[in-house]
S.K.: 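Have a look at this one.
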Amino acid sequence: MQLADYFIALGLSSRRVILETHSDHIVNRLVRRIVEDKTDKLAQMIAIYFVRPGPNGATVEKINVDPYFGITNWPQEFFDQTATEQEKILRATLNRKLDRRV
């Protein structure tokens, strides 16, 4: 995630950065920084795209990052395993806590 902050620093110093990643950590840090930025400068500076392979070649979908809601058009295959796993962890810990109360 610190690497994402480094790329943001490069961008803020007027350098152009194109980054290809399979890291949900980097994407999540970029989204977090956009949401945290009250000047909206990062929202104007950072663009995130999802490339989906297809039978006739790849299609590119721009990911919309809303400063109040985060990603608003989450593609189905876009780090879906991480979100699903986090949801299952949260549900399991909640169930465990509820079981202890009984």
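Reckoned from all heavy atoms, side chains included, excluding hydrogens, waters and symmetry mates. Counting begins at 1 with the first residue of the sequence. Computed from a predicted structure; not experimentally measured.
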S.K.: Name the one of Asn64, Asp66, Val65, Val35 that satisfies side chain to side chain contact (heavy atoms under 4.5 Å, CB included) with Ile71?
M.R.: Val65

S.K.: Could you measure the distance from the CG atom of Asn73 to the CD1 atom of Ile63? Nearest 0.5 Å is fine.
M.R.: 5.0 Å

S.K.: Donor-acceptor pairs under 3.5 Å, side chain of residues 39-50 to any protein atom, not counting sequence neighbours: which ones?
M.R.:
unit_1: Thr39; atom_1: OG1; unit_2: Asp37; atom_2: OD1; d: 2.6
unit_1: Thr39; atom_1: OG1; unit_2: Asp37; atom_2: OD2; d: 3.2
unit_1: Thr39; atom_1: OG1; unit_2: Lys41; atom_2: N; d: 3.2

S.K.: Could you list the residues that satisfy salt bridge (Lys or Arg N to Asp or Glu O under 4.0 Å) with Arg33, not counting sequence neighbours?
M.R.: Asp5, Glu36

S.K.: As an exercise, state the distance from CD1 of Ile89 to CG of Leu94, rounded to the nearest 0.5 Å.
M.R.: 13.5 Å

S.K.: Once you round to the nearest 0.5 Å, how far does OG1 of Thr21 lie from CZ of Phe7?
M.R.: 8.5 Å

S.K.: In Å, rounded to the nearest 0.5 Å, how long is the span from CZ of Arg91 to CG of Leu98?
M.R.: 12.0 Å

S.K.: Are Val51 and Trp74 linked, directly or through other ILVMFWY residues, by side chains that come within less than 4.5 angstrom of each other?
M.R.: no

S.K.: Check the surroundings of atom NZ in Lys88: do more than 12 heavy atoms from other residues, nucleotides or ligands lie under 6.0 Å from it?
M.R.: no

S.K.: Checking Arg52 now: which residues fulfil side chain to side chain donor-acceptor pair (under 3.5 Å) with it, not counting sequence neighbours?
M.R.: Glu61, Glu77

S.K.: Does Met1 share a hydrophobic cluster with Val31, counting links as ILVMFWY side-chain heavy atoms below 4.5 Å and allowing steps through other members?
M.R.: no

